[in-house]
Amino acid sequence: AQARVAQSAVEDGTPVPRTAKTGLWMGCEQSTGIGLPSHESIPPSTTPGAPRNLSLAASVAAKGGIDKWNSEDEDLDSLLKMLSAMCSATTPEGALKEVKAVMSLGHNLWAYAYMRMLYAKNPEVYYAALLKKPSMLLPVVYTPTVGEACQKFGKLPAFRRGCYISIKDRGNVKKVIEEYTASELSKGPNGKYMCDCIVFSDGGRILGLGDLGTWGMGIPIGKLDLYAACAGVNPHRTIPVIIDVGCSDAAGNSDKVVVRDHELYTGMKQDRKKHTSEAGTAVNSAYYGTDSLIGEFMQAAADVFGTKCLLQFEDFNSNDAFPLLAEYRDKFLTYNDDIQGTAAVAVAALMGAIKLRKPECTDLVGELGSQTFLLHGAGSANLGTLKLLSQEAGVPKSKICVTNSRGVIWRSKDGKEGSFRNGEQKEFAQVGKPTYDASNLADTIEHIKPSCLIGAVGVAPGCFDKKVVDALVRVNGSERPSMFAMSNPGDKAEITARDAYTWSNGRVIYASGTAFEPVEVDGKTFAPGQVNNIYIFPGVSFGAISCQARSIPERFFMVAAEAVANSLDEADLRADRILPNTDRLREVSLNVATAVVLEAQKQGLAGQSLGLAWPEVRAELQACMWSPSTLP
């Protein structure tokens with residue numbers, strides 16, 4: 001793509017049309033490096049950065065920096081040397097050859113460690129390898145491997161990538177960001193440091209694993225790698241951030257892993273300070289009030305990089321995730337992928353299932369209204385799905401049922417009694433206490449008769465047992481029901497693909513949060529879809545950044561879900577796959593970004609116009625998707 005000079009939207013919010021003079025948007029000029037001085041087009045991580053102290057993890061800074069942290073621990077020092085010797089590739093082909101050999105051992109944690117070393121040595125080769133073999137490497141650098149990697153993050157050598165902001169930085173957050181920026185990012189033609197997006201987490205709910213604190217840095221790092229690999233967001237203009245306000249002891253994570261009290265814990269070795277919110281839930285005290293650490297961080301990021309810098313919430317505990325999103329969604333360019341991205345991919349999968357059942361259907365959103373939904377688990381993922389189905393797809397609340405640890409969520413007519421735990425659960429509670437055993441999932445299915453069963457419990461692997469499968473098949477008669485096991489990683493799944501297809505004799509339309517291998521039943525091969533946010537967040541973010549969106553409303557996620565479902569091809573449907581093959585992720589993300597840009601322009605939220613019709617907008621976006629310099 002021809003390099004173009006970025007130009008912000010005019011101050012009054014009027015969209016800036018694309019012309020040869022105004023260019024496209026921030027980021028396009030770096031798709032090839034054209035137009036920049038040679039030293040500015042080199043990724044900053046390939047050369048030594050400026051010294052850092054403020055933006056390091058607390059324990060690493062206290063030790064004297066990354067080099068001392070690694071060298072003064074015998075295991076870390078040995079691992080660093082081993083990984084460096086193991087990773088000698090200088091081309092994508094060489095890297096693929098080396099990592100494939102590591103993966104042949106059958107445990108991908110070593111492959112994850114190899115890929116981190118490869119990034120540290122040569123990020124361009126790292127991303128080129130990802131793009132050449134996404135179906136092989138994305139499960140290594142993100143789910144499912146990233147879950148175990150986060151549980152052991154401090155036991156792996158530390159690298160420069162990642163900015164840490166602690167509660168002790170209150171009043172000084174902007175300086176922390178500025179230090180990281182000066183060390184790790186590059187300046188644009190206007191002399192200002194360039195950052196298009198930040199993914200930030202507090203490690204409070206890493207996947208289905210619970211509180212891992214600063215060891216959760218693997219999640220924002222992995223998320224941004226997927227931004228680049230799947231949607232062409234320039235990775236050299238992004239920052240992964242961990243907000244460190246403490247960490248629970250081993251009881252605070254699902255596998256009872258010693259994290260905070262481990263000698264190699266990188267963050268502050270103190271518990272989180274919490275209080276009970278007005279909704280009756282335990283929340284992190286540092287995130288609320290006039291001195292909110294989250295508010296200071298988001299304002300500091302906007303001050304340093306401008307209001308068009310995307311700030312994405314990631315893996316906050318549900319009790320904090322919902323009120324924080326409500327507080328800041330209209331103040332900054334932000335969204336919460338665990339709530340909104342998960343909801344969108346779940347709805348995309350539901351529409352994909354409709355395409356399997358009714359290939360002739362042209363109104364996928366309208367057809368959702370004829371389905372009956374039972375969502376098992378009332379965390380951020382399922383609650384986000386409920387909101388999207390109800391508010392954007394128009395599904396009546398009478399056709400939606402959700403459970404928590406007490407069974408089917410219900411409320412009295414006056415709302416004073418019930419089994420709900422917060423306001424979000426109360427909104428979707430059934431009116432009246434159930435007369436059946438609402439704590440028994442099979443009995444609930446017999447009563448509700450859902451056509452779609454979605455599990456996102458996180459702490460109850462295997463809870464979709466044979467009785468549940470039998471009941472779901474029975475109440476749906478000749479129709480094929482949908483069964484989604486959304487919990488990550490794979491050992492937390494509500495049911496495996498093999499059990500779902502075998503117990504139902506291929507009747508259920510199955511998908512999962514973590515990829516499972518194809519299953520053969522009676523001579524037919526079923527390729528389970530992976531209901532993973534990877535189909536949504538890269539494209540949504542790329543679209544929002546590209547058109548300089550002023551906010552990200554729920555409608556963006558509905559059009560994103562439709563774009564994913566409409567990306568299914570004949571090969572997908574023949575394999576019983578309700579989401580596109582992951583080898584086509586760049587194509588899918590481009591479709592999602594196109595849908596988001598058109599919706600932003602339709603709603604008057606776009607700071608730049610990229611065209612009037614789908615083909616024009618898609619072509620403009622495709623021209624500015626970043627690719628590593630090592631790819632032809």
Side-chain angles (χ1 to χ4, degrees), residues 57-60 143-156 162 164-168 199-223 240-277 281-288 292-294 297 312-325 336-339 342 377-381 383 404-405 421-422 456-461 487-489 491-492 513:
S59 295
V60 177
T143 55
T145 311
V146 72
E148 183 181 0
C150 286
Q151 290 177 320
K152 301 174 180 177
F153 203 78
K155 301 177 185 179
L156 298 170
Y164 295 83
I165 296 169
S166 82
I167 193 172
K168 295 180 180 179
V199 173
F200 67 104
S201 175
D202 72 344
R205 186 205 57 80
I206 297 297
L207 303 174
L209 302 173
D211 189 359
L212 301 183
T214 58
W215 280 10
M217 177 57 90
I219 292 294
I221 286 175
K223 211 80 174 184
V241 170
I242 281 287
I243 306 291
D244 182 7
V245 296
C247 181
S248 306
D249 61 17
N253 65 77
S254 60
D255 290 339
K256 305 300 181 282
V257 177
V258 175
V259 177
R260 184 194 69 193
D261 299 322
H262 194 282
E263 62 181 358
L264 291 176
Y265 182 62
T266 50
M268 296 189 303
K269 295 191 174 185
Q270 65 184 50
D271 204 357
R272 296 172 182 268
K273 183 179 179 181
K274 296 186 177 183
H275 69 270
T276 301
S277 69
T281 59
V283 296
N284 283 280
S285 300
Y287 301 163
Y288 305 92
S292 164
L293 183 61
I294 299 299
F297 159 69
Q312 186 215 304
F313 285 93
E314 183 66 28
D315 279 359
F316 281 73
N317 185 280
S318 296
N319 292 347
D320 290 310
F322 282 100
L324 289 176
L325 178 63
N336 186 308
D337 183 54
D338 305 300
I339 299 172
T342 302
S380 58
L383 288 173
N404 60 17
S405 60
R421 295 184 182 276
N422 52 46
V457 182
V459 294
S487 294
N488 285 311
D491 60 2
K492 302 296 182 186

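Given the structure is predicted, the values throughout are model-derived calculations rather than measurements.
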Problem set entry | Heavy-atom pair of closest approach, residues M268 and A58 | CG-CB, 3.7 Å
For this session: To the nearest 0.5 angstrom, please state how far the SG atom of C247 sits from the CH2 atom of W215.
Result: 9.0 Å
Exercise. If you count the non-hydrogen atoms of other residues, nucleotides and ligands that lie under 6.0 Å from NZ in K256, is the total more than 12?
Worked result: yes
Exercise. Is D244 salt-bridged to K168, cutoff N-O under 4.0 Å?
Worked result: no
Problem set entry | Side chain to side chain, D338 and E314, heavy atoms closer than 4.5 Å | yes
For this session: Write down the atom of P323, the atom of S318, and the distance for their closest heavy-atom approach.
Result: CD-O, 4.3 Å
For this session: Verify the distance criterion only: is there a donor paired with an acceptor across the side chains of S405 and R421 at less than 3.5 Å?
Result: yes
For this session: Tell me, with the steps shown, if V241 and Y164 meet side chain to side chain contact (heavy atoms under 4.5 Å, CB included).
Result: CA-CA 6 Å; V241 170; Y164 295 83; over 6 Å; no
Seminar exercise, completed: Of all heavy-atom pairs linking S487 and G458, the shortest is OG-N, 2.8 Å
Problem set entry | Any donor-acceptor N/O pair, S59 side chain to Y265 backbone, under 3.5 Å | yes
Exercise. Could you give the distance from OG (S254) to CD1 (I206), rounded to the nearest 0.5 Å?
Worked result: 11.0 Å
Problem set entry | Side-chain donor-acceptor pair present, S201, D315, cut-off under 3.5 Å | no
Exercise. Can you find a side-chain donor-acceptor pair between N284 and D320 that sits under 3.5 Å?
Worked result: yes
Problem set entry | K492 with D255: basic N within carboxylate O range, under 4.0 Å | yes
Exercise. Can you check whether F200 reaches I165 side chain to side chain, under 4.5 Å on heavy atoms?
Worked result: no
Problem set entry | Residue pair T214 / T266, side-chain donor-acceptor N/O under 3.5 Å | yes
Exercise. Taking all non-hydrogen atoms of both residues, which atom of G216 and which atom of I242 are closest, and how far apart?
Worked result: C-CD1, 3.8 Å
For this session: Taking the side chain as every heavy atom from C-beta outward, state whether I219 and C150 have any atom pair closer than 4.5 Å.
Result: yes
For this session: Could you check if a side-chain atom of L212 sits within less than 4.5 angstrom of a side-chain atom of N253, using non-hydrogen atoms only?
Result: yes
For this session: Nearest 0.5 Å please: distance from the CG atom of N317 over to the CZ atom of R272.
Result: 8.0 Å
For this session: Could you tell me the separation between the CG atom of N404 and the CG atom of N422, rounded to the nearest 0.5 Å?
Result: 9.0 Å
For this session: Report the distance from atom CG of N336 to atom CD of Q312, rounding to the nearest 0.5 Å.
Result: 7.5 Å
Exercise. Considering only heavy atoms from C-beta outward, does the side chain of F313 approach that of V199 to under 4.5 Å?
Worked result: no
Problem set entry | Distance-minimising heavy-atom pair for V283 and N319 | CG1-O, 3.5 Å
Exercise. Which pair of heavy atoms, one from A381 and one from T342, lies closest together, and at what distance?
Worked result: CB-CG2, 3.5 Å
Exercise. Side chains of I294 and L324: closer than 4.5 Å at any heavy-atom pair?
Worked result: yes
Exercise. How many angstroms lie between NZ in K274 and OG in S248, if you round to the nearest 0.5 Å?
Worked result: 5.0 Å
Exercise. When you check the gap from the basic side-chain N to the acidic O, do D211 and R260 get nearer than 4.0 Å?
Worked result: no
Exercise. Under the 3.5 angstrom rule, does the side chain of S292 hit a backbone N or O of Y287 as a donor-acceptor pair?
Worked result: yes
Exercise. Can you check whether T145 reaches T143 side chain to side chain, under 4.5 Å on heavy atoms?
Worked result: no
Exercise. Could you go step by step and tell me if L209 and Q151 meet the side chain to side chain contact (heavy atoms under 4.5 Å, CB included) rule?
Worked result: CA-CA 8 Å; L209 302 173; Q151 290 177 320; 3.7 Å; yes
Problem set entry | Lys/Arg N to Asp/Glu carboxylate O, K223 vs D337, below 4.0 Å | yes
For this session: Take F153 and L264 through the side chain to side chain contact (heavy atoms under 4.5 Å, CB included) test and state the conclusion after the steps.
Result: CA-CA 9 Å; F153 203 78; L264 291 176; over 6 Å; no
Exercise. Should D261 and K269 count as side-chain neighbours, where that means a heavy-atom distance under 4.5 Å?
Worked result: no
For this session: Run the numbers on K152 and V257 for side chain to side chain contact (heavy atoms under 4.5 Å, CB included), then give the verdict.
Result: CA-CA 9 Å; K152 301 174 180 177; V257 177; over 6 Å; no
